[in-house]
Amino acid sequence: QVQRVESGGGLVQAGGSLRLSCAAAGRTFWSYAIAWFRQAPGKEREFVAAISWTGGTTDYADSVKDRFTISRDNDKNTVYLQMNSLKPEDTAVYYCAATAKRLGSRNYYDYNYWGQGTQVTVSS
């Protein structure tokens, strides 16, 4: 199993930055693709970004492309989401998730392991 713990959320003004971290426990972390999803109140959970097991392939939702960067450090069993130029519409609970599909996926049902989520609030 791969247990995941997110951190780094908080309150920031529009235009600001935050870096989320997703730390994993488990010897097979390196073999999983990791994604970030988010869910705002009253809305469906949506895909944000994904990174393949090697880190060589990344994918972003159009809404965050050129503002967010996903990366991973397999030595530290950690995946990061650097969020710049934040907008009020980025406000949501952010979740990291792991899948055995090594290139990742945009579909939440492909992910077996989920963290507890971290709140990101962007004020206008």
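Note that the structure is a prediction, hence the values are computed from the model and not measured.
Here CZ of Arg102 is found 5.5 Å from OG of Ser31. Values are rounded to the nearest 0.5 Å. Note that the OH atom of Tyr109 and the OG1 atom of Thr99 stand 11.5 Å from one another [nearest 0.5 Å]. Considering OG1 of Thr57 and CD1 of Ile51, their distance stands at 9.0 Å, rounded to 0.5 Å. Taken to the nearest 0.5 Å, the OG1 atom of Thr121 stands 13.0 Å off from the CD atom of Gln13. Taken from SG in Cys96 to CD in Glu6, the straight-line distance is 4.0 Å, to the nearest 0.5 Å. In this structure, the separation between CG on Leu81 and CZ on Arg72 is 13.5 Å, given to the nearest 0.5 Å.
Shown here for Leu86 and Arg67, the closest heavy-atom pair between the two residues is CA-NH1, 3.9 Å. In terms of heavy atoms, Ala98 sits closest to Ile34 at CB-CD1, 3.7 Å. What you find for Ser105 and Ala50 is that their closest heavy atoms are O-CB, 4.3 Å. Contact between Ser21 and Thr78 at its shortest, heavy atoms only, is CB-CG2, 4.3 Å. Nearest heavy atoms, Met83 versus Leu20: CE-CG, 3.7 Å. Between Gln116 and Val5 the shortest heavy-atom distance is OE1-CA, 3.8 Å.
In this structure, Thr91 contributes its side chain and Val122 its backbone to a donor-acceptor pair below 3.5 Å.
Within 6.0 Å of atom CD in Glu44, 12 or fewer heavy atoms from other residues, nucleotides or ligands are found, so the atom counts as exposed in its surroundings.
Residues Asp62 and Lys65 are paired through a salt bridge, judged by an N-O separation under 4.0 Å between the basic side chain and the carboxylate.
Looking at Ser17 and Asn84, their side chains do bring a donor and an acceptor atom within 3.5 Å of each other.
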Dump the intermediate steps for side chain to side chain contact (heavy atoms under 4.5 Å, CB included) on Ile70 and Val79, then the final yes or no. CA-CA 7 Å; Ile70 189 171; Val79 171; 4.0 Å; yes

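Applying the side chain to side chain contact (heavy atoms under 4.5 Å, CB included) rule to Gln39 yields the partners Arg45, Tyr95; only residues at least two apart in sequence or on another chain are considered.
The stretch residues 33-81 participates, sequence neighbours left out, in these ring-ring contact (aromatic ring centres under 6.0 Å, His included) pairs: Trp30-Trp53, Phe37-Phe47, Phe37-Tyr111, Phe37-Trp114.
Residues Arg38 and Ser63 meet the side-chain proximity criterion, which asks for heavy atoms closer than 4.5 Å.
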